[in-house]
Colleague: 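Right, I'll just put the structure down here and ask away after.
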Amino acid sequence: SSRNSGLVYILLGKQAQSFEPYIVGFPDKIIKEKHPAYYYRNKLRMPNYPFEYLVKSIKNNYNIKLKLYEEDYFDRD
């Protein structure tokens, strides 16, 4: 990671975030978010920003355009 500034780390949950000290070189490329199970248990929609940032970073660093899946509807009753 100290040689490639194009890497983005998305750490989902406390266990994944415990590995943050081992990621060297580009701390601004580390995104921390709650685990997806947290959102499911609480009937919440998980935010898109970690993945939107990842797509933007890939476009800026490698000129590769990715398209994320888009939900039309979200309901967890």
Side-chain angles (χ1 to χ4, degrees):
S1 65
S2 62
R3 288 184 259 155
N4 187 344
S5 65
L7 296 175
V8 175
Y9 299 89
I10 300 176
L11 305 177
L12 301 174
K14 298 235 184 255
Q15 185 174 6
Q17 292 168 17
S18 72
F19 290 97
E20 183 178 4
Y22 304 104
I23 300 171
V24 295
F26 303 96
D28 60 319
K29 303 283 182 139
I30 299 172
I31 300 172
K32 295 183 272 186
E33 185 55 61
K34 292 180 177 88
H35 193 278
Y38 166 85
Y39 295 99
Y40 184 81
R41 280 193 312 267
N42 291 289
K43 298 182 180 180
L44 299 170
R45 184 182 193 134
M46 186 172 173
N48 290 336
Y49 74 86
F51 307 106
E52 290 168 352
Y53 179 84
L54 177 66
V55 168
K56 189 181 292 185
S57 180
I58 290 171
K59 175 67 174 148
N60 291 340
N61 287 296
Y62 302 108
N63 200 29
I64 297 172
K65 185 176 180 182
L66 299 177
K67 179 150 176 60
L68 296 176
Y69 172 78
E70 294 179 21
E71 283 183 308
D72 294 331
Y73 182 75
F74 177 78
D75 185 18
R76 272 274 342 265
D77 286 331

Colleague: Would a 4.5 Å heavy-atom cut-off, applied to side chains only, mark Asn48 and Leu68 as touching?
Modeller: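 With C-beta onward as the side chain, the pair stays apart.
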Colleague: Mind listing the closest non-hydrogen atom pair of His35 and Leu12 along with its distance?
Modeller: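 Result for this residue pair: CD2-O, 3.7 Å.
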Colleague: Tyr38: which residues meet the side-chain contact (heavy atoms from CB on, under 4.5 Å) condition with it, sequence neighbours left out?
Modeller: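 Lys34, Arg41, Asn42, Leu44.
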Colleague: Not counting sequence neighbours, which residues clear salt bridge (charged side-chain N to carboxylate O under 4.0 Å, His left out) with Lys59? List them please.
Modeller: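 Lys59: no salt bridge (charged side-chain N to carboxylate O under 4.0 Å, His left out) contacts found.
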Colleague: Quick one: CG on Leu66 to CD on Glu52, what's the gap to the nearest 0.5 Å?
Modeller: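 The CD atom of Glu52 is 13.0 Å from CG of Leu66, to the nearest 0.5 Å.
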Colleague: More than 12 foreign heavy atoms under 6.0 Å from OH of Tyr53: is that the case here?
Modeller: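 Counting other residues, nucleotides and ligands, OH of Tyr53 exceeds 12 neighbours.
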Colleague: For a quick check under 3.5 Å, do Glu33 and Tyr49 share a side-chain donor-acceptor pair by atom type?
Modeller: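 Checked: Glu33/Tyr49 side chains pair up, N/O donor to acceptor below 3.5 Å.
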Colleague: How close do Arg45 and Tyr39 get, heavy atom to heavy atom, and via which atoms?
Modeller: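 That would be O-CD2, 3.8 Å.
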Colleague: Could you list the residues that satisfy side chain to side chain donor-acceptor pair (under 3.5 Å) with Lys65, not counting sequence neighbours?
Modeller: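 Counting only residues at least two positions away or on another chain, Lys65 forms no side chain to side chain donor-acceptor pair (under 3.5 Å).
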Colleague: Going by side-chain contact (heavy atoms from CB on, under 4.5 Å), name the residues that satisfy it together with Ala16, two or more places apart in sequence or in a different chain.
Modeller: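 Ala16 satisfies side-chain contact (heavy atoms from CB on, under 4.5 Å) with Leu11 only.
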Colleague: What's the shortest heavy-atom distance between Ile64 and Ile58, and which atoms?
Modeller: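 So the minimum-distance heavy-atom pair works out to O-CG2, 3.6 Å.
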Colleague: Which residues pass the side chain to side chain donor-acceptor pair (under 3.5 Å) test with Tyr69, not counting sequence neighbours?
Modeller: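 If we apply the side chain to side chain donor-acceptor pair (under 3.5 Å) test to Tyr69, skipping adjacent residues, there are no hits.
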Colleague: If you take all heavy atoms of Val8 and Ser57, which pair is closest and at what distance?
Modeller: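 Taking every non-hydrogen atom into account, CG2-OG, 3.3 Å.
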